[in-house]
Number of protein chains: 2
Amino acid sequence: MDFRSRPRHRNAGSYHHGELRQALLAAAAELLAGGGSDAVGMREIARRASVSHAAPYRHYANREALLADLAAIGFEQLAARFAGLPAATTPERRLVEMARSYVDFAREQPQLWRLMFGNTLDKTQHPALLDASRLVLANLRATVEALGVPAPATHQTLAAWAFAHGVARLVLDQRLDAHLDAPLDADALVQEAAWIFLRGLRHT
Amino acid sequence: MDFRSRPRHRNAGSYHHGELRQALLAAAAELLAGGGSDAVGMREIARRASVSHAAPYRHYANREALLADLAAIGFEQLAARFAGLPAATTPERRLVEMARSYVDFAREQPQLWRLMFGNTLDKTQHPALLDASRLVLANLRATVEALGVPAPATHQTLAAWAFAHGVARLVLDQRLDAHLDAPLDADALVQEAAWIFLRGLRHT
DNA sequence: GGATGATGTTGACAGCGTCAACATTGCGCG
DNA sequence: CGCGCAATGTTGACGCTGTCAACATCATCC
């Protein structure tokens, strides 16, 4: 490896940061997790990276591009999570596990999930986001078709996504607890919802 | 009626507007429909109401309070839509009609729907929003229980909402069309998803 | 070793939400 | 009837933001 070909990180005192893009993303991720996408500001992440307020514009055309990059990383994480799912004994169990995995992701990184699937970003403007979400959908479609639904199981696949997505949203939404007498058991809700879906799919 | 007890609308030239709150809401709704909640700015709605930039603060403590009012109005509209649903022959058909009605609402007023069910507002801060959404949920719960699910059909009700909500989101999301070979038939998707849910509920 | 492109800085601009101080008006009470 | 008060609207300011243009510094390659 040629170490001189990629500049190492410089400590304070040097004019060029060297790994600014990474530093910006790290700061942005922190702000996102802490206060939602509104809390991610160009000037603030520059401050956290100990860099001038306009430096981020050497790496991102504008704030939206930065957020899109954050979301794209989130999609990669989600895809990796699906890829790392243990081999399931039956297609049914696999679908349940995917749903649980999706909702777990949303619960662990709620603000990132909101950024990825919310209305903040116009995904049509960011091809990387399209590709990433396409991958996830293809994965889901394969699982649904393994259940015995004849390909292309378009509507059924979308219904499955809608189901998991809706459950994730309800689980995240604190509003829910206010509606219920007892606190919500998220795992049980995911499980039950997935089974309703599976039974509904089978008895056609 | 004592007409002098409520000031009438004054035309241009008078110091007091008279119906500023309504005018602000109208302008805000227009901006919302046109460009999403980000496009709703205090100064801009003031401009559209032909009033100074700080006048809205006599009616709303801050921007979020204004948005919350918009959302509350949206919830009322949605509740009215549910209330106006024709009497269904069976509980099953009623559930399908509610789902279709929900998705129709989202399609007709996408930005309002996003505001109501998105992450823009912290609903716990606005009791009116809680009450309104509580009403919708109670309505749904009654319908689910009419299907024969023993009360309180908490998980099943939430699953139903999750389903409809997820479908609405997918239908709104332009990203979907990019995933599919043919354009999405929203009505067919809603119908199919609702039936999957109903069949899954029955075969328990 | 000097030109060149990449990267970071400085300073500016317009726009925003919000507040305080002030102006104007309508309404109720003496 | 008239006065004073509360409601409503205006003006001007503050600090913040995203973004751009002009300039500075550095690494790299002929």
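Lettering follows sequence order; numbering is per chain, from 1.
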Problem - N or O in side chain of A:His59 less than 4.0 angstrom from C:dG8 OP1/OP2 - result: yes

Exercise for the section: Measure from CD on B:Glu19 to C1' on D:dG9 and round the result to the nearest Å. Expected result: 16 Å

Exercise for the section: Would you indicate whether the side-chain heavy atoms of B:Phe117 and B:Leu78 approach each other to under 4.5 Å? Expected result: yes

Practice task
Calculate the interatomic distance between B:Leu20 atom CG and D:dT10 atom P; express it in whole Å.
Solution key: 8 Å

Exercise for the section: Check the distance between D:dT17's C1' and A:Leu66's CG and give it to me in whole angstrom. Expected result: 15 Å

Exercise for the section: Using side-chain contact (heavy atoms from CB on, under 4.5 Å) as the criterion, list what pairs up with B:Glu44, not counting sequence neighbours. Expected result: B:Leu31, B:Arg47, B:Arg48

Exercise for the section: Calculate the interatomic distance between A:Tyr60 atom OH and C:dT7 atom C1'; express it in whole Å. Expected result: 15 Å

Handout entry: A:Arg199: partners by salt bridge (Lys or Arg N to Asp or Glu O under 4.0 Å), with sequence neighbours left out
Key = none

Fill in the blank from the handout: Letter by letter from the 5' end, nucleotides 12-20 of chain C scores (B base, S sugar-phosphate only, - none; protein heavy atoms under 4.0 Å) B---BBBB-

Practice task
Rounded to the nearest angstrom, tell me the gap between atom CG in A:Leu31 and atom C1' in D:dG18.
Solution key: 16 Å

Exercise for the section: Please list, chain by chain and in numerical order, all residues satisfying salt bridge (Lys or Arg N to Asp or Glu O under 4.0 Å) with A:Arg43, sequence neighbours excluded. Expected result: none

Expected list for residues 62-74 of chain A: side-chain donor-acceptor pairs under 3.5 angstrom, two or more places apart:
unit_1  : atom_1 : unit_2   : atom_2 : d
A:Asn62 : OD1    : A:Glu64  : N      : 3.3
A:Asn62 : OD1    : A:Ala65  : N      : 3.0
A:Arg63 : NH1    : A:Ser37  : O      : 3.3
A:Arg63 : NH1    : A:Val40  : O      : 2.4
A:Glu64 : OE2    : A:His126 : NE2    : 3.4
A:Asp69 : OD2    : A:Tyr60  : OH     : 2.5

Exercise for the section: Please report, rounded to the nearest Å, how far the C1' atom of D:dT8 is from the CG atom of B:Leu24. Expected result: 12 Å

Handout entry: Qualifying residues under side chain to side chain donor-acceptor pair (under 3.5 Å), relative to A:Glu108, sequence neighbours excluded
Key = A:Arg81

